[in-house]
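A quick write-up on the structure given underneath.
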Amino acid sequence: VHLVVTDLRGELPYFAQRFFRETAECIRKHHGIRGVVWEPWKRYSAVELLTERAVQDKIAYTIANPVVAGLVPTATEWPGRRTRPRA
């Protein structure tokens, strides 16, 4: 999972905990599975992006990641959730 978010209130740890918990619940319900969705030994990595260019680069990386990883031929073919940045 790759996200680019703005944390105006300093609540990223709470957001991440809730996001991963609720996403896992949706995945379990959608696929009719039980048990662990995320590997318990992995933690999320938060990177502070200090410039507008850094934000743009990270958004481009996030959009391109499924293609670079060889999961789909083009970003538009990625079946997961995605958004486009506003100009």
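One-based numbering along the sequence shown.
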query = Quick one: side-chain contact (heavy atoms from CB on, under 4.5 Å) partners of V68, sequence neighbours excluded?
reply = A64

message = If the condition is ring pair (Phe, Tyr, Trp, His ring centres under 6.0 Å), which residues does Y44 pass it with, not counting sequence neighbours?
response = none

ask   = Can you get from I63 to V47 by hopping between Ile, Leu, Val, Met, Phe, Trp and Tyr side chains that sit under 4.5 Å apart?
value = yes

task = Scan for salt bridge (Lys or Arg N to Asp or Glu O under 4.0 Å) pairs involving residues 27-41, sequence neighbours excluded, and state none if there are none.
result = E25-R28, E25-K29

query = Does F19 have any ring pair (Phe, Tyr, Trp, His ring centres under 6.0 Å) partners at least two apart in sequence or in another chain, and if so, which?
reply = F15

key: Euclidean distance, I59 CD1 relative to L49 CG, rounded to 0.5 Å   = 8.5 Å

query = What's the spacing between E77 CD and L71 CG if we round to 0.5 Å?
reply = 12.0 Å

task = Examine distances only and state if a side-chain atom of W38 and a backbone atom of F20 form a donor-acceptor pair shorter than 3.5 Å.
result = yes

remark   = Residues P79 and V72: closest non-hydrogen pair is CD-CG1, 4.4 Å

ask   = Any chain of hydrophobic side-chain contacts (each under 4.5 Å) joining V36 to I27?
value = no

What donor-acceptor contacts under 3.5 angstrom involve side-chain atoms of residues 1-11, with partners at least two apart or in another chain?
residue, atom, partner, partner atom, Å
D7, OD1, G10, N, 2.9
D7, OD1, E11, N, 2.8
D7, OD2, E11, N, 3.1
D7, OD2, L12, N, 3.0

task = Please collect all salt bridge (Lys or Arg N to Asp or Glu O under 4.0 Å) contacts where either partner lies in residues 46-61, sequence neighbours excluded, each pair once.
result = R53-D57

